[in-house]
Colleague: 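This structure is in structure tokens; I'll ask about it shortly.
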Number of protein chains: 2
Amino acid sequence: MRRAKHRERPPLSRELILAAVLRAIDDEGVEALSVRRLAGDLGVFPTALYYYLPSKDAMLRGVVELVLDEMDLSLAAHGDWRERVRSLCHALRRVGHAHPRLFPYLIAYPEITLQEYRLYEGLYRALEEAGLDAARIVHAGNLIFAYASGFTLAEVNAAIGPSTPAEIDELGTLPVEEFPATHRLAGRLRALDLDHSFGAGIDTIIAGLTAG
Amino acid sequence: MRRAKHRERPPLSRELILAAVLRAIDDEGVEALSVRRLAGDLGVFPTALYYYLPSKDAMLRGVVELVLDEMDLSLAAHGDWRERVRSLCHALRRVGHAHPRLFPYLIAYPEITLQEYRLYEGLYRALEEAGLDAARIVHAGNLIFAYASGFTLAEVNAAIGPSTPAEIDELGTLPVEEFPATHRLAGRLRALDLDHSFGAGIDTIIAGLTAG
DNA sequence: ATTTCTATTGTCCGGTGTACAACAACGTCG
DNA sequence: CGACGTTGTTGTACACCGGACAATAGAAAT
């Protein structure tokens, strides 16, 4: 009987817990995550989780690594250096789209993970191939990474907040005399295609790197 | 007598509270902020604060607006369009340096404030002056804003975490066979001047905009 | 002097992370 | 086959949190 009960709920494990953490964060956001409700979801007492993870922070750390390790960098191994740079940027952006509520936390995470170094390594190799000197490679790496993460961050924040429609209406309410240029561009801003804009940004950076 | 006591602690006000919130966040970070300790700092009972701000969220919202409104965009009004773009980027970065622990929260804030629109307006005017067409201006605006915020975010995260020295040591521990390019650049990475790198990124973007 | 309003105090509730001790189930070995 | 130590889970406890609500003190107005 007890055995049957035991079978109902598979035994806990680090992986199982982290998967539940990720699910909870995707659904309700990082700040809504609580050890108690997490335990409830897993059908277990809160403190049981502490057997596998030493603290809530460790859970968050674990989920950050989990998601980063999911990031597929394989596409960035082949092709022209420009294509590889684009591919790396899109890989980062895909992570943001897959887990929008985790992404700000992930980006803000103080410690650098191995996977992050891999991303930079891919960037550096591509930029070496582009024929840039060492100083410019380092700066270009920072530029590209900052752009890709900043763009994605802005995207996911807009996506989880009061949604974009609100902002779009807001655009019309700006006083024309203080925001003439914004009003001139209002049409384009409303019809903005983020996929396209992201790609255009990368292309501008690439153009700047080859022009200099 | 009671008057004297009254004089000891100036009466509460929204501004006074928000200033204390900002001080607390600068010192201990956003997640360490508690209404109770805040009230303690102000020599008042916790619930007194709720007379001026309806919730803790409102305090955070208020402090975000406060800091954004501090942002000095006046320098971006004159000079060559390139100079103005640089000036706007640096204004954003200065905010991050002034309040590193608030900055991630600020950047992640879902609602767009007036001041943020002013920054974009400045950007759009400069880019119009550069002779770009409407579509390219919108993309360039996104590119520049994403870069400036992404770069600054990475900076402040590194600054408040276990500090940069730790990462620098970490660089040497990466396996050479998997990270050859990173190792080739290790010297440059260790000696990285962030001010210079930030400027170099802007210049690359500007070059890309004028080249295309 | 009495009323009215404003700012502050007190009390209360449900929820949080997690330290610590107890306990049940299990594999291993005598 | 039976005792034992390990592993995984339970249960209790504590100090903290944000915030709703009612009660009150003090100043201003009448």
Side-chain angles (χ1 to χ4, degrees), chain A residues 1-64 101-102 105 108-110, chain B residues 1-64 101-102 105 108-110:
Chain A
M1 280 298 124
R2 290 166 211 149
R3 286 185 152 271
K5 185 185 176 187
H6 202 272
R7 293 273 156 82
E8 283 171 21
R9 175 178 54 70
L12 244 37
S13 71
R14 205 187 115 97
E15 289 69 29
L16 207 147
I17 294 173
L18 289 183
V21 171
L22 183 53
R23 236 180 298 121
I25 289 179
D26 282 345
D27 289 351
E28 318 173 56
V30 176
E31 50 282 334
L33 180 75
S34 104
V35 176
R36 287 171 142 85
R37 288 190 307 131
L38 196 61
D41 291 350
L42 291 164
V44 106
F45 273 61
T47 49
L49 308 181
Y50 285 86
Y51 185 79
Y52 300 92
L53 285 312
S55 70
K56 187 185 180 183
D57 255 25
M59 298 179 197
L60 287 169
R61 164 85 191 177
V63 103
V64 164
R101 320 192 83 136
L102 178 64
Y105 187 86
Y109 208 80
Chain B
M1 284 299 125
R2 291 164 211 149
R3 284 184 155 271
K5 184 185 175 186
H6 202 273
R7 294 270 156 85
E8 283 172 23
R9 176 178 54 69
L12 245 37
S13 71
R14 205 186 115 97
E15 289 70 28
L16 207 146
I17 295 174
L18 288 183
V21 171
L22 183 53
R23 235 179 300 121
I25 289 179
D26 282 344
D27 289 350
E28 318 173 56
V30 177
E31 50 282 336
L33 180 75
S34 106
V35 176
R36 286 168 143 85
R37 287 189 308 131
L38 196 62
D41 292 349
L42 291 164
V44 106
F45 273 60
T47 49
L49 307 181
Y50 285 89
Y51 184 80
Y52 299 92
L53 284 311
S55 70
K56 187 186 181 182
D57 255 26
M59 298 179 198
L60 287 168
R61 164 85 191 177
V63 104
V64 164
R101 321 191 81 137
L102 178 64
Y105 188 86
Y109 208 81

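First the proteins, then the strands, lettered A, B, ... as listed; each starts at 1.
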Colleague: Side chain of B:Ser55, heavy atoms from C-beta onward: which of D:dG19, C:dT8, C:dT18 has the nearest atom to it?
Modeller: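 Among the listed nucleotides, the one closest to the side chain of B:Ser55 is D:dG19.
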Colleague: Could you tell me whether the side chain of A:Thr47 has a donor or acceptor atom within less than 3.5 Å of a complementary atom in the base of D:dG11?
Modeller: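 Side chain to base: pair found, below 3.5 Å.
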Colleague: Closest approach of B:Phe45 and B:Ala39, non-hydrogen atoms and distance?
Modeller: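 Reported closest heavy-atom pair: C-CB, 3.7 Å.
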Colleague: If I compare all heavy atoms of A:Leu38 with all of A:Met59, which pair ends up nearest, and what's the gap?
Modeller: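 Between these two residues, the closest heavy atoms are CD2-SD, 3.9 Å.
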Colleague: Between C:dT9, D:dG18, C:dT18, which nucleotide gets closest to the side-chain atoms of B:Ser34?
Modeller: D:dG18
Colleague: Please pick, from C:dT18, D:dT10, C:dT8, the nucleotide with the shortest atom-to-atom distance to any side-chain atom of B:Tyr51.
Modeller: C:dT8
Colleague: Pick the nucleotide of DNA chain D nearest each of A:Leu49 and B:Pro54; which residue has the one closer to the 5' end?
Modeller: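 The residue whose closest nucleotide sits nearer the 5' end is A:Leu49.
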Colleague: C:dG15 P sits how many Å from A:Glu31 CD, rounded?
Modeller: 18 Å
Colleague: What integer distance in Å separates A:Leu53:CG from D:dG8:C1'?
Modeller: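 Distance check: A:Leu53 CG to D:dG8 C1' gives 14 Å.
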Colleague: Rounded to the Å, how far apart are A:Arg37 CZ and C:dG17 C1'?
Modeller: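 Rounding to the nearest Å, CZ of A:Arg37 and C1' of C:dG17 are 14 Å apart.
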Colleague: Suppose we call a contact any N or O donor and acceptor under 3.5 Å apart; does that hold for the side chain of B:Arg36 and the base of D:dG18?
Modeller: yes
Colleague: Once you round to the nearest 0.5 Å, how far does CG of B:Asp27 lie from CZ of B:Arg101?
Modeller: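 That separation rounds to 8.0 Å.
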Colleague: How would you label the contact of B:Leu33 with the nucleic acid (heavy atoms, under 4.0 Å): base, sugar-phosphate, or nothing?
Modeller: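 Sugar-phosphate, no base atom in range.
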Colleague: Give the minimum heavy-atom separation between A:Val35 and A:Pro46, together with the two atoms involved.
Modeller: CG1-O, 3.9 Å
Colleague: Is any side-chain N or O of B:Tyr52 closer than 4.0 Å to OP1 or OP2 of C:dT6?
Modeller: no
Colleague: Please state how far atom NZ in B:Lys56 lies from atom P in D:dC17, giving the value in whole angstrom units.
Modeller: 9 Å
Colleague: Round to the nearest Å and state the distance from B:Leu38 atom CG to D:dG18 atom P.
Modeller: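 Taking CG of B:Leu38 and P of D:dG18, I get 9 Å after rounding.
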Colleague: Please state how far atom CD in A:Glu28 lies from atom P in C:dT16, giving the value in whole angstrom units.
Modeller: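 It is 11 Å, rounded to the nearest whole Å.
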Colleague: Figure out the CZ/P separation between A:Phe45 and D:dG11, and round it to whole Å.
Modeller: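 In whole Å, D:dG11 P and A:Phe45 CZ are 4 Å from each other.
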Colleague: Do B:Glu28 and B:Leu33 have side-chain heavy atoms sitting under 4.5 Å apart?
Modeller: no
